[in-house]
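Only one structure is covered here, and it is reproduced in the block below.
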Amino acid sequence: MTDAPEIPVRIRPEIAALPAYRQGKQAAADAFKLSSNENPFDPLPGVLEAVHAASELNRYPDATASRLRARLAERFGVGDDAVHIAAGSVSILAQLILATSGPGDEIVFAWRSFEAYPGLAIVAGATPVQVPLTEDARHDLPAMAAAITGRTRAIIVCTPNNPTGPIVTQAEFDAFADAVPDDVLIILDEAYAEFVTRPDSVDGLKVLGGEGRANVVVLRTFSKAFGLAGLRVGYAIGHPRILDAARSTSIPLSVTAHAEEAALASLDREEELLQRVRVLAERRDRLAAALRAIGWKIPDAQGNFVWLPAGRETLEIAEAFSAAGLIVRPFAGDGLRISVGEEDSVEKVLWIAASVVKDLPEDHSGRGLA
Ligand SMILES: *Cc1c(COP(=O)(O)O)cnc(C)c1O
């Protein structure tokens, strides 16, 4: 919705009804931006140089980002045609939805989960089917399997779940995938896979290995652990037929040469990057444990963020963080997500979190046993 005057151009009603995109609050220069799950580290030396070296701005990029594709195929032990690159894994999500689903079709996913899911379904003309998370903010996979109908074309599993944090285990996923008809696409969104420290977590690449499951596509991204959110590059691994279909719906030439070079340079420095990921995962565990110790009920946090189930107090509490120079992501009526940022942000987050938890009623859903 906007204040601009009405015009006679006809917009699809379901599109006109969507909330217009508003960028999150821009952080003041001295504030910590903990609202977009970005990586707080600067790019590694060598990555920026690789971007600068891609200087042929007058030329179109390589349409399939074939060097990065080959590199990832080698890295994961699959054929090149089982890898698909796009301008962020959200783009691939949109492509897969367009390729599988149209008006009258249903797309099943957990809720609350990634904000982009409902809108992408609606833009395709499909119907989003939201299956509530369990009490401890995890996917309810049996309920999701039970929500499948003859119209279901795709089902999205987000692990670790953005914004609440818990993973899906390998055992849970296997039982679920066995229950899903093999003509329904399972999209395994693993945007935060690198941050996972639980050994029982599902690993999409294991799902695809060996005998494999032809109806599973795994999504990963360079935006989070690899710290390249600004360049827009993500990838899918899955059956070549499905990836071909996704590519057919894509806007050609969206992956820039700069994004491809940066991703390749980052893979050259993967060990150093994963070292930073370990630092962030350790910081996350420390933050989650401290939040629990001061009385917050924090679900298992396996991404680079923690979830505060602030309920009806969410917007008020987000204001308190904001006033202290901490920009967090509120989901009105539900809770707020705080990204694991700079080391100096941790103490500040805990300070505010401790001051606001005291004002919550005794029986508030955000309170845990300290
Ligand atoms: C951040 C995120 C993505 C990927 O973002 P891109 O920058 O488009 O690669 C995908 N899924 C989830 C759940 C995310 O949080």
Side-chain angles (χ1 to χ4, degrees), residues 21 23-24 33-40 43 65 68 72 83-98 107-121 123 128 130 133 137-139 154-168 186-196 201-202 204 216-238 246 250-251 254-256 258-260 262-263 266-267 273 277 280 284 299 301-307 328-329 331 335-341:
Y21 186 80
Q23 176 89 33
K33 183 168 182 271
L34 308 176
S35 52
S36 299
N37 293 349
E38 292 153 343
N39 194 313
L68 179 57
L72 287 169
V83 181
H84 170 43
I85 318 280
S89 60
V90 172
S91 300
I92 306 180
L93 206 53
Q95 295 166 11
L96 290 168
I97 288 173
L98 281 171
I107 299 175
V108 174
F109 50 87
W111 201 251
R112 178 172 293 280
S113 189
F114 188 30
E115 309 156 75
Y117 299 155
L120 291 173
V123 167
Q130 304 182 336
L133 296 171
R138 309 179 74 242
H139 277 49
I155 184 158
I156 309 172
V157 175
C158 184
T159 175
N161 187 48
N162 175 7
T164 62
I167 50 125
V168 164
I186 302 175
I187 302 170
L188 191 54
D189 187 344
E190 296 189 320
Y192 302 94
E194 296 85 353
F195 294 102
V196 171
S201 171
V202 65
V216 177
V217 170
V218 175
L219 300 186
R220 295 208 175 168
T221 180
F222 286 95
S223 296
K224 309 284 166 50
F226 283 80
L228 298 179
L231 278 169
R232 315 300 307 126
V233 54
Y235 57 97
I237 311 236
S250 76
I251 295 167
S254 300
V255 181
T256 66
H258 301 83
E260 184 179 15
S266 299
L267 288 170
L273 281 163
V277 166
L280 291 171
R284 167 201 71 204
Q302 286 285 296
N304 64 341
F305 52 88
V306 293
W307 173 250
V328 302
R329 177 64 62 96
F331 297 93
L336 38 98
R337 188 191 68 200
I338 305 179
S339 308
V340 176

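Heavy atoms only: backbone and side chains are in, while hydrogens, waters and symmetry mates are out. Indexing begins at 1, ligand by ligand and atom by atom, following the structure's order.
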- Query: Would you say Cys158 touches ligand 1, if touching means a heavy atom closer than 4.0 Å?
  - Reply: yes
- At a 4.0 Å threshold, what atoms of ligand 1 neighbour a non-hydrogen atom of Gly88? 6 (P), 8 (O), 9 (O)
- Taking all non-hydrogen atoms of both residues into account, name the closest pair between Pro163 and Arg337 and its distance. CB-CD, 3.6 Å
- Message: Considering Ser223, Ser91, Pro163 one by one, which has a heavy atom nearer to atom 7 (O) of ligand 1 than any of the others?
- Response: Ser223
- Task: Would you check the N or O atoms of Tyr192, main chain and side chain alike, for any that come under 3.5 Å of an N or O of ligand 1?
- Result: yes
- Task: Verify side chain to side chain contact (heavy atoms under 4.5 Å, CB included) between Asp189 and Tyr117, making sure each step is shown before the conclusion.
- Result: CA-CA 11 Å; Asp189 187 344; Tyr117 299 155; 2.7 Å; yes
- For ligand 1, is any non-hydrogen atom under 4.0 Å from Val90's backbone (N, CA, C, O), its side chain (CB onward), both, or neither? both
- Item | Protein heavy-atom partner closest to atom 8 (O) of ligand 1 - residue, atom, separation in Å | Arg232 NH2, 2.8 Å
- Query: Which atoms of ligand 1 sit under 4.0 Å from any heavy atom of Asn162?
  - Reply: 13 (C), 14 (C), 15 (O)
- Task: Could you find the nearest protein heavy atom to atom 4 (C) of ligand 1 and give me its residue, atom name and distance?
- Result: Ser89 OG, 3.0 Å
- Message: With side-chain contact (heavy atoms from CB on, under 4.5 Å) as the test, pick out the partner of Trp307 among Leu336, Asn162, Thr164.
- Response: Thr164
- Leu72 and Leu267: side chain to side chain contact (heavy atoms under 4.5 Å, CB included), yes or no, with the steps? CA-CA 9 Å; Leu72 287 169; Leu267 288 170; 3.9 Å; yes
- Message: I'd like to know whether ligand 1 has Asn37 as a neighbour, heavy-atom separation below 4.0 Å.
- Response: no
- For ligand 1, is there an atom lying under 4.0 Å from some heavy atom of Phe222? no
- Query: Which residue, Arg220, Gln302, Lys224, forms the side chain to side chain donor-acceptor pair (under 3.5 Å) with Tyr192?
  - Reply: Lys224
- Task: Find all atoms of ligand 1 within a distance of less than 4.0 Å from any non-hydrogen atom belonging to Lys224, and give their numbers and elements.
- Result: 1 (C), 2 (C), 3 (C), 4 (C), 5 (O), 14 (C), 15 (O)
- Would you please classify the geometry between the Phe226 ring and the Phe222 ring as parallel, tilted or perpendicular, with 30° and 60° separating the classes? perpendicular
- Criterion side chain to side chain contact (heavy atoms under 4.5 Å, CB included) on His139 and Asn161, from CA distance to verdict: CA-CA 8 Å; His139 277 49; Asn161 187 48; 3.4 Å; yes
- Protein residue, atom and distance nearest to atom 11 (N) of ligand 1, heavy-atom basis: Asp189 OD2, 2.7 Å
- Query: After noting the C-alpha distance and the side-chain angles of Asn304 and Asn39, does the key distance pass the side chain to side chain contact (heavy atoms under 4.5 Å, CB included) rule?
  - Reply: CA-CA 8 Å; Asn304 64 341; Asn39 194 313; 5.8 Å; no
- Query: Which ligand 1 atoms are under 4.0 Å away from a heavy-atom of Ala191?
  - Reply: 2 (C), 3 (C), 10 (C), 11 (N), 12 (C), 14 (C)
- Message: For atom 9 (O) of ligand 1, which of the options Thr221, Leu93, Ile187 provides the nearest non-hydrogen atom?
- Response: Thr221
- Exercise: do Asn37 and Arg329 side chains pair donor with acceptor under 3.5 Å: no
